[in-house]
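First the structure, in the form of C-alpha cells, and then the observations on it.
Just so you know, ligand 1 is whichever comes first in the structure, and atom 1 is the first atom listed for that ligand.
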Amino acid sequence: MKPLRNLRLEDIDLSDIEFWTAPIEEREGAFATLREEDPVRFFEERIPEGIPIPKGPGYWAVTRHAHILEASRNPEVFCSGKGATSVIDLPAEMNEFFGGMINMDDPRHGKQRRIISRGFTPRSLGRVEADIDRRAAAIVDRVIEKGECDFVTEIAAPLPLEIICDMMGIPESQSEFVFERSNRILGLGDPDYNPIGENPIAAAMTSGAELAALMREMADARRKKPTDDMTSALIHATGDEDVLTDAELASFFVLLVVAGNETTRNAISHGMKALHDHPDQRRIWAADFEGVAETAVEEIVRWASPVIYMRRTATRDTTLGDKTIRAGDKLALWYASANRDEDVFERPFDFDVRRTPNEHVGFGGPGPHFCLGANLARREIRVMFRQIFERLPDLEITGEPERLASNFVHGIKRMPCQFTPGRRAA
Ligand code: HEM
C-alpha cells in the first residue's frame with residue numbers, strides 16, 4: 001500500500017467524519033504528513049450530528065511512536081480517569097456502565113486490574129485454549145459446505161464473542177443479544193447500527209444498561225451457587241482478596257464485550273484481507289504455519305490497528321514534543337499512526353508476516369492500561385488462521401470490505417468471501 005500525500009497539513013481535519021470515510025491511502029498519507037510536519041498538533045472538536053452534547057475545547061493529536069510511548073509511560077501526567085478515553089467526554093450518567101477500569105487511574109485502576117487479572121492468568125487462559133480450538137473448528141464447520149459467506153459476520157466475529165461468553169459463563173442463548181448490543185455501543189456514529197434520527201447516546205446507554213442487567217442476574221445466581229467461570233471468580237474472594245461490587249462487575253463486563261470483541265474480530269478481518277492482497281506473504285505463512293505464526297499475528301495486529309486511538313488528559317502543565325500542554329488538555333494517542341512510524345518500522349506500509357522486531361502499539365503503549373486480553377487475542381487470531389489455512393486454504397475475498405464509519409474502531413462490517421466447499425469436521 002502506498003500512502004497518498006494529497007492533503008496539505010492545514011487541510012487535514014481529524015475531527016471531520018469524512019476524513020474517516022475517505023480512502024485509506026489518503027488517511028495514511030495525512031498521518032505521515034502529521035508525523036513529519038507537526039507530530040503534536042492541536043485540533044478543534046466537532047460533535048457528530050445528532051449527538052446532543054456541547055462542543056469540547058479541542059485536543060492534541062499525538063502521531064509519533066516515541067511521543068505515544070512517552071505519554072503511556074507517564075500516567076500521572078497523562079491520565080485516563082478524566083472525562084473519558086474518547087475525545088468526547090462521557091456524559092456523567094454514562095459512567096455507570098462505561099466507566100470501567102480503562103477510564104480509571106491508580107489507586108482505583110490498580111485495585112480493579114489486580115482483581116480482574118485473576119481471570120487472565122496463564123492457568124485461566126489454559127482452560128480457555130481448548131474452547132478456542134473447539135469454537136474455531138465449529139465456526140468453519142458452519143460455513144464450509146456453502147463455499148461462500150460473509151467473512152466478518154460468519155468467520156471473524158463469532159470467535160471472540162463466544163470466547164468472552166464462555167469465560168464469563170454466559171449461556172449460548174444470550175450470545176446474539178450480547179453481540180447486537182456491543183455493535184450498537186461501538187458503532188456509535190455508524191447509521192447501520194444506530195439509525196439516523198435515533199439518539200446514539202441514548203441507544204448506547206440502553207445497550208449498556210441491558211448488558212449490565214444480564215450481568216447482575218448472573219452474579220445473583222452465582223452468589224447462591226458458585227460456578228467455574230470468571231464471573232464467579234470476580235465476586236467470590238479466597239483469603240483476603242478483594243472482589244468486584246455488582247456495579248463494577250457490570251461495567252467490567254461492558255468493557256470486556258466492547259474491548260475484546262470488535263478488536264479481535266477486526267484484527268482477523270483485516271488480517272485476512274491483508275493475506276488476500278499479499279499472496280507472497282500468504283505463501284510464506286502457509287509453508288510453515290507454526291514457525292511463522294508468532295510474527296504473523298503481531299504483524300496482523302500492527303497492520304489492522306483495531307483501536308485507532310485512545311485519549312489521555314494532562315493532569316498538570318507539561319510539554320510533549322515541541323508543544324506546551326496545559327493541565328486539563330486532552331490528547332489523542334493515535335496508535336494507528338504510531339504503527340506506521342517510519343522512525344520505528346522499516347517499510348511501514350509493507351505487510352510482512354516475518355517482521356522482527358515489531359514494536360507496535362496495537363495493544364496500547366507500555367503502561368498501566370496495556371491490553372489485558374493481548375495474549376488471549378493473539379491466541380484467537382492464531383487458531384482462527386490455522387483453521388483457515390488448513391480447511392479453507394483457497395479462501396478468496398470477493399468484494400471490497402465495507403468499512404465502519406468510525407475514528408475509534410478500525411472496523412470492517414462486511415466482506416464477502418469464497419472457497420472450495422469442504423466437509424464438516426464433526
Ligand atoms: C486484537 C485484539 C485487541 C486489541 C487490538 C486490543 C487493544 C487494546 C488497547 C489499545 C488497549 C489500551 C487502552 C488504553 O490505551 O487506554 C486495550 C485495553 C484493554 N483490553 Fe484489549 N485489545 C484486544 C483484545 C482484547 C481482548 C480479547 C480482551 C479481553 C477479552 C481485551 C481486554 C482489554 C481490557 C480489559 C483493557 C483495559 C485494560 C486497562 O485499562 O487496564 N482486549 N486493548
Between His410 and Ser305, is the side-chain hydrogen bond (donor to acceptor under 3.5 Å, both in side chains) condition met? List the steps. CA-CA 7 Å; His410 190 204; Ser305 296; over 6 Å; no
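With Ile308, Asn261, Val301, Thr263 as candidates, the residue nearest to atom 3 (C) of ligand 1 on a non-hydrogen basis is Thr263. Among Met310, Arg379, Gln112, the residue whose heavy atom lies nearest to atom 13 (C) of ligand 1 is Met310. Looking at Tyr309, Phe370, Phe363 and measuring to atom 1 (C) of ligand 1, the nearest heavy atom belongs to Phe363. Compare Pro306, Ala377, Gly362, Gly364 by their heavy atoms: the one nearest to atom 7 (C) of ligand 1 is in Gly362. In the candidate list Leu372, Ile381, Val297, Leu372 is nearest to atom 36 (C) of ligand 1, counting heavy atoms.
The cationic atom of Arg311 (NZ for Lys, CZ for Arg) does not lie both less than 6.0 Å from the six-membered ring centre of Tyr59 and within 45° of the ring axis. Cation-pi geometry between Arg355 and Trp303 is not satisfied (NZ or CZ under 6.0 Å from the ring centre, within 45° of the ring normal).
At a heavy-atom cutoff of 4.0 Å, ligand 1 is contacted by the side chain of Val307 but not by its backbone. Residue contacts with ligand 1, taken as heavy atom pairs separated by less than 4.0 Å, do not involve Met104 at all. At a heavy-atom cutoff of 4.0 Å, ligand 1 is contacted by no atom of Phe252, backbone or side chain.
At the top of the distance list for atom 32 (C) of ligand 1, counting protein heavy atoms only, stands Gly373 N, 3.8 Å. In terms of protein heavy atoms, atom 38 (C) of ligand 1 is closest to Arg113 NH1, 3.4 Å. Cys371 SG, 3.2 Å is the protein heavy atom nearest to atom 20 (N) of ligand 1.
Using a 4.0 Å cutoff on heavy atoms, His109 counts as a contact of ligand 1. Residue contacts with ligand 1: Pro368 is included, with a non-hydrogen atom under 4.0 Å away. Ligand 1 lies less than 4.0 angstrom from a heavy atom belonging to Arg312.
The aromatic rings of Trp20 and Trp334 sit parallel to each other, their planes meeting at less than 30°, with 60° as the upper class boundary.
For the residue pair Asp150 / Thr153, a side-chain donor-acceptor distance below 3.5 Å is found, with atom types taken as modelled.
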